Amino acid sequence: MPHDTILEASHLGLRDLGQWLDQVFEAVGWSSSASRGAIELAIHEVAANVVDHARPSDGRIMLSATTDKTELFVRLSDCGNEFEPSCVVPPDPENPQVRGYGLMIVEQVATSLDYQRIDATNNWTMAFAVDVASDTSSQD
Amino acid sequence: MDILTGSHEQSVMTVTLSGRLDALEAAALRNVLDQAMSDGLVNLAIDLSDVDFVDSAGLAALVKGMKDARTVGGDVKLVSPESADAMRVFELTKFDQVFTMVSDIEDILRNW
């Protein structure tokens, strides 16, 4: 069953992300998973890019999550400006830049990351491996 | 996020942060660091031990401060966050190897 929510497309609105993720993890018995923090950071970074760059006119970010046994699949969509991959400057370790680390972070945490522009909507899909073994609260 | 600033006899400005260092709070930190530079305080010790979340915008504020300080012969040194969630962004971006990061602010002040 998908777990859906709508975030306000603002930096303050992104603070509701953690509570939603807690609800998703609790619903599937992953409350104590060690993976949660990294996954929150990755989704937060994609959502922050929406706030900073896509700037959806309706002020909303839609989130939907589904789960498999040890995987979390998240779809994030908005009706803002189209993402331009050519505008992303890869970080240079020899000359640390100030910005541009968001997608680098997501790519390291997620097992897959995909972007599609469909009907004037940005659609990000992410998959995450969840460390279920670290969850001491789950029942067999 | 709370920001507390102080000074040290070795001309090191201390900045103690707590809570979330995210895009919402990064501007406040940038203002503090920019003001320090304007005041000629180029050696900055920032205590992140009570910070529980850092995103790339928060990291960017620290990186800009470090680059500005190093340009004029100073530096920004960090006390590592105790929270693994807050430490993660430094590890994923390898900035844990760019910043001087220690577990106790006294280590920074003693050895500057």
Side-chain angles (χ1 to χ4, degrees), chain A residues 7-19 21-22 25 32-55 61 88-111 113 126 128 131 134, chain B residues 1-2 18-31 33-34 37 44 46 48 51-71 74-78 80-101:
Chain A
L7 299 180
E8 178 188 303
S10 69
H11 291 306
L12 180 60
L14 298 192
R15 292 197 168 176
D16 294 334
L17 172 62
Q19 186 179 12
L21 197 59
D22 282 342
F25 271 53
S32 302
S33 172
S35 306
R36 186 208 164 283
I39 293 171
E40 179 186 357
L41 176 63
I43 302 170
H44 172 97
E45 292 294 342
V46 175
N49 276 342
V50 172
V51 173
D52 290 337
H53 304 296
R55 301 189 189 99
I61 299 172
V88 177
V89 179
D92 174 6
E94 299 301 316
N95 182 24
Q97 63 200 48
V98 172
R99 297 303 303 265
Y101 294 96
L103 285 181
M104 173 190 181
I105 291 167
V106 181
E107 286 168 348
Q108 290 183 78
V109 176
T111 52
L113 171 66
M126 296 162 267
F128 301 96
D131 179 7
S134 65
Chain B
M1 182 181 72
D2 291 327
S18 60
R20 290 173 69 95
L21 176 52
D22 59 10
L24 191 64
E25 304 287 357
L29 176 60
R30 280 199 303 273
N31 289 340
L33 301 184
D34 287 348
M37 295 293 154
L44 299 156
I46 303 180
L48 302 174
V51 170
D52 50 34
F53 180 86
V54 182
D55 70 359
S56 65
L59 174 70
L62 295 168
V63 172
K64 180 178 184 301
M66 176 195 69
K67 294 184 79 167
D68 289 349
R70 288 183 179 179
T71 298
D75 202 358
V76 169
K77 299 183 181 182
L78 306 177
S80 301
E82 292 180 5
S83 160
D85 286 342
M87 189 63 201
R88 183 169 291 110
V89 74
F90 295 95
E91 296 165 345
L92 290 171
T93 58
K94 307 277 193 284
F95 271 101
D96 57 337
Q97 298 165 33
V98 176
F99 283 105
T100 298
M101 299 188 80

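No experiment lies behind these values; they were computed from the predicted model shown. Lettering of chains follows the sequences in order, A, B, ..., and the numbering in each one begins at 1.
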Considering only heavy atoms, give the residues of residues 41-50 of chain A separated from chain B by less than 4.5 Å, sorted numerically, with 'none' for an empty result.
A:Leu41, A:His44, A:Glu45
Quick check: do A:Arg15 and B:Arg20 have side-chain heavy atoms less than 4.5 Å from each other?
yes
Rounded to the nearest 0.5 Å, how far does CD1 of A:Ile105 lie from CD of B:Glu91?
11.5 Å
Can you tell me which portion of B:Asp55 sits under 4.5 Å from chain A's heavy atoms? Options are side chain, backbone, both or neither.
both
Select one option (side chain, backbone, both, neither) describing which atoms of A:Val109 are under 4.5 Å from chain B's heavy atoms.
side chain
Heavy-atom distances under 4.5 Å only: say whether B:Ala57 touches chain A with side chain, backbone, both or neither.
both
For the candidates B:Ala23, B:Ala86, B:Ser83, which exhibits the highest count of non-hydrogen atom pairs separated by less than 4.5 Å from chain A?
B:Ala23
Considering only heavy atoms and a distance below 4.5 Å, find which of B:Leu92, B:Thr93, B:Asp22 pairs most often with chain A.
B:Leu92
Taking all atoms of both residues into account, what is the closest heavy-atom pair of A:Gly37 and B:Arg88, and its distance?
C-NH1, 3.3 Å
